[in-house]
Visitor: 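Once you've had a glance at the structure underneath, I'll fire off some questions.
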Amino acid sequence: MARPDFVEVAKVDEVPVGRMKHIELNGKEIMIVNLDGKFYALNDRCSHTNAPLSMGHIQDSIITCPMHGARFDITTGKKVSDPKMPSFDIGSLPINMQKYMEYAGQLLSRIKTYDQDSYEVRVEGNSIKLRL
Ligand code: FES
């Protein structure tokens with residue numbers, strides 16, 4: 001079976017150095033990242049609980065998820081650290097809210113976080129192209 005062709009998804013000047021762009025292609029949500037002039041493409045839904053990674057923070061080649069702080073290597077999609085749940089004193093919350101927070105914490109602690117899918121990127125002139 002022939003491999004799919006590369007498809008243009010953005011223009012180079014739409015994704016400045018250090019920035020991200022969310023795109024959708026064939027039903028997938030993908031983020032394009034420009035790291036020092038080289039482009040990468042990863043699944044834009046965090047493998048933990050689906051937050052949009054492109055709303056996260058980039059430092060060096062690592063993106064930190066905006067929801068619970070899982071970190072991924074942009075160049076490979078590999079997870080480099082698990083989510084970190086914020087710790088705070090829930091004792092001052094109403095009892096029903098405390099119960100909800102404990103339940104949510106138990107659920108979140110059982111969710112595994114995997115590597116992010118990554119995709120082939122090709123730059124041709126001012127076009128950023130992907131192959132899924
Ligand atoms: S959704 Fe990304 S770390 Fe939880």
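Note that the coordinates shown come from a computational prediction; the quantities given were computed from them, not determined experimentally. In this chain, residues are counted from 1 in sequence order.
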Visitor: Specify the closest pair of heavy atoms between Asp89 and Ser92, including all atoms of both residues, with the distance to one decimal.
Guide: O-OG, 4.0 Å
Visitor: Drop me the distance from Phe6's CZ to Leu130's CG, to the nearest 0.5 angstrom.
Guide: 8.0 Å
Visitor: Keeping Lys79 on the side-chain end and Arg71 on the backbone end, is there a donor-acceptor pair under 3.5 Å?
Guide: no
Visitor: Distance check, rounded to the nearest 0.5 Å: Lys21 atom NZ versus Ile128 atom CD1?
Guide: 8.5 Å
Visitor: Would you call Lys78-Asp73 a salt bridge at under 4.0 Å N-O?
Guide: no
Visitor: Pair His68, Leu108 - check side-chain contact (heavy atoms from CB on, under 4.5 Å), show working.
Guide: CA-CA 10 Å; His68 309 110; Leu108 285 169; 4.2 Å; yes
Visitor: May I ask whether Tyr119 and Val15 are part of the same hydrophobic cluster, defined by side-chain heavy atoms of I, L, V, M, F, W, Y residues being less than 4.5 angstrom apart, directly or through others?
Guide: yes
Visitor: Can you tell me how far CE of Met67 sits from CG of Leu53, rounded to the nearest 0.5 angstrom?
Guide: 10.5 Å
Visitor: Using only atom types and a distance under 3.5 Å, with no angle test, would you say the side chain of Glu8 pairs donor to acceptor with the backbone of Ser127?
Guide: no
Visitor: Decide if atom CG of Asn96 counts as having more than 12 heavy atoms of other residues, nucleotides or ligands within a radius under 6.0 Å.
Guide: yes
Visitor: Measure across Ile58 and Gly18 and return the closest heavy-atom pair with its distance rounded to 0.1 Å.
Guide: CD1-O, 3.8 Å
Visitor: Find out whether Phe72 and Ile74 are in side-chain contact, i.e. whether some heavy atom of one side chain is under 4.5 Å from a heavy atom of the other.
Guide: no
Visitor: Does Glu120 come within less than 4.0 Å of Arg122, counting only side-chain N to carboxylate O?
Guide: no
Visitor: Arg45 side chain to Asn50 main-chain N or O, any donor-acceptor pair under 3.5 Å?
Guide: yes
Visitor: When you look at CG of Asp36, are more than 12 heavy atoms from neighbouring residues, nucleotides or ligands closer to it than 6.0 Å?
Guide: no
Visitor: Measure the OG1-CD1 distance between Thr49 and Ile111 for me, rounded to the nearest 0.5 Å.
Guide: 6.0 Å
Visitor: Would you sort out whether Glu102 and Tyr100 count as a side-chain contact (heavy atoms from CB on, under 4.5 Å), showing the intermediate values?
Guide: CA-CA 5 Å; Glu102 287 171 7; Tyr100 172 76; over 6 Å; no
Visitor: Does any N or O in the side chain of Asp60 come within less than 3.5 Å of the main-chain N or O of Ile62, such that one atom is a donor and the other an acceptor?
Guide: no
Visitor: Before giving the answer on side-chain contact (heavy atoms from CB on, under 4.5 Å), spell out for Val12 and Phe39 the whole-Å C-alpha distance, their side-chain angles and the decisive distance to 0.1 Å.
Guide: CA-CA 9 Å; Val12 167; Phe39 292 89; 3.9 Å; yes
Visitor: Is there a donor-acceptor pair under 3.5 Å between the side chain of Asp44 and the backbone N or O of Glu29?
Guide: no
Visitor: Restricting to non-hydrogen atoms, name the atom on Ala41 and the atom on Ile32 that form the minimum distance, rounded to 0.1 Å.
Guide: CB-CD1, 4.0 Å
Visitor: Assess whether atom CZ of Arg131 is packed by more than 12 heavy atoms of other residues, nucleotides or ligands within 6.0 Å.
Guide: yes
Visitor: Once you round to the nearest 0.5 Å, how far does CG of Asp13 lie from CG of Asn34?
Guide: 11.0 Å
Visitor: For His48, does its backbone N or O pair with a side-chain atom of Thr113 as donor and acceptor, under 3.5 Å?
Guide: no
Visitor: Testing the basics here: between Ala51 and Cys65, what is the closest heavy-atom pair and its distance to 0.1 Å?
Guide: CB-SG, 3.8 Å
Visitor: Give a yes or no on whether the backbone of Asn43 and the side-chain of Gln116 come within a donor-acceptor separation of less than 3.5 Å.
Guide: yes
Visitor: Same cluster or not: are Met55 and Met20 linked, directly or through other Ile, Leu, Val, Met, Phe, Trp or Tyr residues, by side-chain heavy atoms under 4.5 angstrom apart?
Guide: no
Visitor: Which distance, rounded to the nearest 0.5 Å, do you find between the CD1 of Ile63 and the OG of Ser54?
Guide: 7.0 Å
Visitor: Is the closest side-chain heavy-atom distance between Val123 and Lys129 below 4.5 Å?
Guide: no
Visitor: Quick check on the hydrophobic clustering: are Leu25 and Leu42 connected, directly or via other members, by side-chain heavy-atom contacts under 4.5 Å?
Guide: no
Visitor: If you apply the rule side-chain contact (heavy atoms from CB on, under 4.5 Å), what do you find for Met31 with Ile23, and how did you get there?
Guide: CA-CA 6 Å; Met31 66 174 189; Ile23 61 112; over 6 Å; no
